[in-house]
Amino acid sequence: PESPPPPYSRLSPNDEQKPLDLSDSTLSYTETEATNSPNVTPGDFSDASTSPDAMKRSHWCNVAYWEHRTRVGRLYTVYEQSVSIFYDLPQGNGFCLGQLNLENRSETVRRTRSKIGYGILLSKEPDGVWAYNRSEHPIFVNSPTLDIPNCRTLIVRKVMPGYSIKVFDYEKSCLLQHTAELDYADGPYDPNSVRISFAKGWGPCYSRQFITSCPCWLEILLSNNR
C-alpha cells in the first residue's frame, strides 16, 4: 500500500499499552533513508539560531541495529517526534533495515529479517517514548523503566502485533537515577538505553539469555539527561 495502515486495530490489553494519537504528527515519517541528518534544502533557514525549524533539529535519540553481536550500519539519528523503523517499504520513509548490507549472514538472521516487515513506530510523547508494533510478529522490549527497581531479574516484555508499549518513562527514569543503587548491576549499565528484539525473545524465560543471542535487535540510545 502507498500509505501505512492505521496504527491500532484493537484495544490495549493493559495499562502499560495504549493507542498512539492519530494526529498527523504521529504518522509523519519525515526521516529519510540512509542518512544521519534531516533533509534540508538551501534557504530553509533565514536565521539558524532563532528559526523555529532550527529548534526542531535537536535529536532525541540514536538507533543502532544489531545482528547478534555485530552492529550493522551507522547510528541513525532521529530528529522528528516519530520515526518508522522497517525492513523494506517501497513508499516508506524512515530507518530502512533492509538496505543495511552485511556479508555472510546466517540463515537464522535471514529468516528473522524477513519477519521485520513494517517493523515498529517509535514516538516521543510528553509522558515518554512509545513503541508500536506494526509487524506481523511479536517484538520484545527491555528498558530501565520497565525493570523492577533493585531486582536482579531481567524484565523482557512481549508486545504482540498491533499493540504499543511505553518503552521509556521520563518521570520514572528521573526517580530511578536519583534513588536507585546501581552497584548490583552486572556489566555496563546505561539508564537511557532501550533494547528491542524482532520476533525472538531473550532473558530468564527464553533459551537466549542475552540480547546478543538474538538475530535482529535495536538499541535505542536516548538523549534524555545526556
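Computed from a prediction, not measured in an experiment: that's the story for all the values here.
No donor-acceptor pair under 3.5 Å is formed between the side chain of D169 and the backbone N or O of S173. S114 contributes a side-chain N or O that, together with a main-chain N or O of R111, makes up a donor-acceptor pair within less than 3.5 Å. At distances below 3.5 Å, at least one donor-acceptor pair connects side-chain atoms of W217 with backbone N or O atoms of H68. Judged by distance alone, with hydrogens and angles left aside, the side-chain atoms of S164 form no donor-acceptor pair with the main-chain N or O of Y132 at under 3.5 Å. With R134 contributing its side chain and Y118 its backbone, the two residues share a donor-acceptor pair below 3.5 Å.
L122 places none of its side-chain heavy atoms less than 4.5 Å from the side chain of S82. Under the 4.5 Å side-chain criterion, counting only non-hydrogen atoms from C-beta, N62 is not in contact with V78. Two residues are said to be in side-chain contact when any heavy atoms from C-beta on lie closer than 4.5 Å; H59 and Y76 fail this criterion. No side-chain heavy atom of N192 sits under 4.5 Å from any side-chain heavy atom of L221. Side chains of V63 and T77 form no contact here, defined as non-hydrogen atoms less than 4.5 Å apart. For the pair R195/N142, a side-chain contact is recorded, criterion being any heavy-atom separation below 4.5 Å from C-beta on. Under the 4.5 Å side-chain criterion, counting only non-hydrogen atoms from C-beta, P204 is in contact with L154. For the pair F198 and L97, the minimum side-chain heavy-atom distance is below 4.5 Å.
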**Prompt:** Please walk me through it: do S58 and Y79 pass side-chain contact (heavy atoms from CB on, under 4.5 Å)?
**Reply:** CA-CA 6 Å; S58 177; Y79 296 89; over 6 Å; no
**Request:** Show the numbers, then the answer: is there a side chain to side chain donor-acceptor pair (under 3.5 Å) between E219 and W66?
**Result:** CA-CA 8 Å; E219 187 177 22; W66 295 76; 3.2 Å; yes
**Request:** Decide side-chain contact (heavy atoms from CB on, under 4.5 Å) for F168 and L222; before the verdict, give the C-alpha distance in whole Å, the side-chain angles of both, and the deciding distance to 0.1 Å.
**Result:** CA-CA 9 Å; F168 195 84; L222 299 167; 3.3 Å; yes
**Request:** Check the pair Y163, K158 against side-chain contact (heavy atoms from CB on, under 4.5 Å), reporting the backbone distance first and the verdict last.
**Result:** CA-CA 10 Å; Y163 288 100; K158 182 179 182 179; over 6 Å; no
**Message:** Does S213 form a side-chain contact (heavy atoms from CB on, under 4.5 Å) with I211? I'd like the steps, not just the answer.
**Reply:** CA-CA 5 Å; S213 299; I211 194 170; over 6 Å; no
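Considering all non-hydrogen atoms of both residues, Q209 and G203 come closest at NE2-O, 3.3 Å. Minimum heavy-atom separation, L146 to R157: O-NH2, 3.5 Å. Across all non-hydrogen atoms, the minimal contact from E125 to Y170 is O-CE1, 3.7 Å.
Ion pair E67/R113 flagged as a salt bridge, since at least one NZ, NE, NH1 or NH2 atom sits closer than 4.0 Å to an Asp/Glu carboxylate oxygen.
Counting non-hydrogen atoms of neighbouring residues, nucleotides and ligands closer than 6.0 angstrom, the CD atom of E171 reaches no more than 12 such neighbours. Other residues, nucleotides and ligands contribute at most 12 non-hydrogen atoms within 6.0 Å of the CD atom of E136.
Just one residue in the list T108, I196, V72, T112 forms a side-chain contact (heavy atoms from CB on, under 4.5 Å) with C216, and that residue is T112. The only member of I139, V83, V159, I220 that meets side-chain contact (heavy atoms from CB on, under 4.5 Å) when paired with I120 is I139.
Once rounded to the nearest 0.5 Å, the distance linking CD1 of I165 with CE of M160 reads 13.0 Å. For the atom pair Y87 OH and L100 CG, the distance stands at 10.0 Å (nearest 0.5 Å). The line from NZ of K200 to SG of C214 is 9.5 Å long, rounded to the nearest 0.5 Å. Atoms CZ and CH2, from F210 and W202 in turn, are 12.5 Å apart once rounded to the nearest 0.5 Å.
Transitive grouping of hydrophobic side chains (ILVMFWY, heavy atoms separated by less than 4.5 Å) keeps Y206 and I155 in distinct clusters. Cluster annotation: V156 and V141 are assigned to distinct hydrophobic clusters (Ile/Leu/Val/Met/Phe/Trp/Tyr, side-chain heavy-atom contacts under 4.5 Å, transitive).
Separation of the F95 and Y65 ring centroids does not fall under the 6.0 Å cut-off.
One side chain, S143 or T145, offers a donor N or O that lies under 3.5 Å from an acceptor on the other.
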